[in-house]
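Here is the structure we will look at.
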Amino acid sequence: METKPVITCLKTLLIVYSFVFWITGAILLAVGVWGKLMLGPYISLIADNSTNAPYVLIGTGTVIIVFGLFGCFATCRGSPWMLKLYAMFLSLVFLAELVAGISGFVFRHEIKGTFRRTYTDAVLNYNTQDEASRAVDYLQNKLRCCGVYNYTSWFASVYYPAKGIPPSCCFNSSDCSSDDLRNATVAPSKVYHQGCFDLVTSFMETNMAIIAGVTFGIAFSQLIGMLLACCLSRIITANQYEMV
């Protein structure tokens, strides 16, 4: 019975860890739903084709929530095989997060290249009606930018000869007529000069280290849970300890 305080301590720590793990899943689920509802236009411009990233976050968050509850149940029940299963799941989460973090950091330049290509295509083929065109308007309105590198990107667009630069580039919509936007001399004084590509990519570069650090920190935190679950399972098995 001298091991009972140790087992109680490990159970307490693992329950606390599982609760934090559960919160992580809830956050991923919330971010996935928010990304689907609020960041759809941004995501459609970053990817060549429709991306399932929000659904991946939603699915991952849901699974983590379920296994977080399972971890709490396994800890309270004191079942060695459940604790081993929980540790195995944490190891899979660790590997998945590690691969995702490394891939995102290594292929960040490809992400920038894809964004440049898709955004340039969206500007050149802008028609105000399709999803890509609506995404361009949304991006320019929200970030207060215009074109790929600046407003001159619109001069090569199929939209420009007929209607000029889109109104979403105007910094004052009440003083930005269609005639102004078709006039290459007047338009520069009515629209944003900052290009959207530079604005988005500079944000990515500035925050890449923070994003990578948070990702790796979360990934390595799984090792703590794995260690606690394995230790508790081993001690319970060795001492034939069960909690009723």
Side-chain angles (χ1 to χ4, degrees), residues 31-57 100-101 103-212 215:
V31 170
V33 173
W34 176 74
K36 179 59 181 175
L37 296 178
M38 303 299 296
L39 300 182
Y42 293 96
I43 294 174
S44 66
L45 289 174
I46 291 176
D48 285 315
N49 301 306
S50 180
T51 178
N52 293 320
Y55 296 109
V56 171
L57 288 175
S103 299
F105 187 77
V106 171
F107 296 108
R108 65 189 186 281
H109 296 298
E110 291 189 17
I111 295 174
K112 289 170 59 177
T114 299
F115 175 63
R116 180 194 293 111
R117 183 170 60 256
T118 55
Y119 192 67
T120 298
D121 289 343
V123 168
L124 294 178
N125 299 293
Y126 180 87
N127 60 17
T128 73
Q129 301 299 321
D130 60 18
E131 181 181 3
S133 298
R134 293 193 297 271
V136 168
D137 284 334
Y138 183 86
L139 191 69
Q140 293 186 152
N141 271 318
K142 292 295 182 180
L143 299 185
R144 299 182 179 182
C145 55
C146 186
V148 183
Y149 299 105
N150 54 49
Y151 67 90
T152 60
S153 301
W154 286 103
F155 294 167
S157 171
V158 296
Y159 180 84
Y160 183 80
K163 298 185 178 180
I165 299 174
S168 57
C169 277
C170 297
F171 51 77
N172 185 358
S173 57
S174 61
D175 184 29
C176 199
S177 67
S178 57
D179 291 334
D180 292 337
L181 295 174
R182 285 194 298 267
N183 190 321
T185 303
V186 177
S189 64
K190 304 288 185 177
V191 300
Y192 300 112
H193 286 205
Q194 175 72 55
C196 295
F197 174 76
D198 291 336
L199 201 61
V200 172
T201 54
S202 64
F203 175 81
M204 290 174 57
E205 288 291 342
T206 302
N207 294 276
M208 184 58 68
I210 298 175
I211 295 172
T215 301

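Side chains are part of it too, since the values below use all heavy atoms of this structure and drop only hydrogens, waters and symmetry mates.
- Remark: the backbone N or O of Thr128 is not paired with any side-chain donor or acceptor of Arg134 at under 3.5 angstrom.
- With sequence neighbours left out, Tyr159 forms a ring-ring contact (aromatic ring centres under 6.0 Å, His included) with Tyr126.
- Asp121 and Thr118 share no donor-acceptor pair across their side chains, judged by distance under 3.5 Å alone.
- Across Cys169 and Gly147, no two heavy atoms sit closer than the pair SG-N, 4.3 Å.
- Judged purely by distance below 3.5 Å, without hydrogens or angles, the side chains of Asn141 and Ser168 never pair a donor atom with an acceptor atom.
- Nearest approach of Phe115 to Cys196, heavy atoms of both residues: CE2-O, 4.3 Å.
- With values rounded to the nearest 0.5 angstrom, Thr201 atom OG1 is found 8.0 Å from Arg116 atom CZ.
- A distance of 5.5 Å separates OH of Tyr149 from OG1 of Thr120, quoted to the nearest 0.5 Å.
- A side-chain hydrogen bond (donor to acceptor under 3.5 Å, both in side chains) check over residues 169-181, counting only residues at least two apart or in different chains, returns the pairs Asn172-Ser174, Asp175-Lys190, Ser177-Asp180, Asp179-Arg182.
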Give the C-alpha distance, both sets of side-chain angles, the deciding distance and a yes or no for side-chain contact (heavy atoms from CB on, under 4.5 Å) between Val158 and Leu124. CA-CA 6 Å; Val158 296; Leu124 294 178; over 6 Å; no
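- The CG atom of Leu139 lies 5.0 Å from the SG atom of Cys145; values are rounded to the nearest 0.5 Å.
- Take Tyr151 and apply the side-chain contact (heavy atoms from CB on, under 4.5 Å) test, not counting sequence neighbours, and it matches Cys146, Phe155, Ile165, Pro188, Val191, His193.
- Between Leu181 and Cys170, the closest heavy-atom pair is CD2-SG, 3.7 Å.
- The OH atom of Tyr192 lies 15.5 Å from the CG atom of Asn150; values are rounded to the nearest 0.5 Å.
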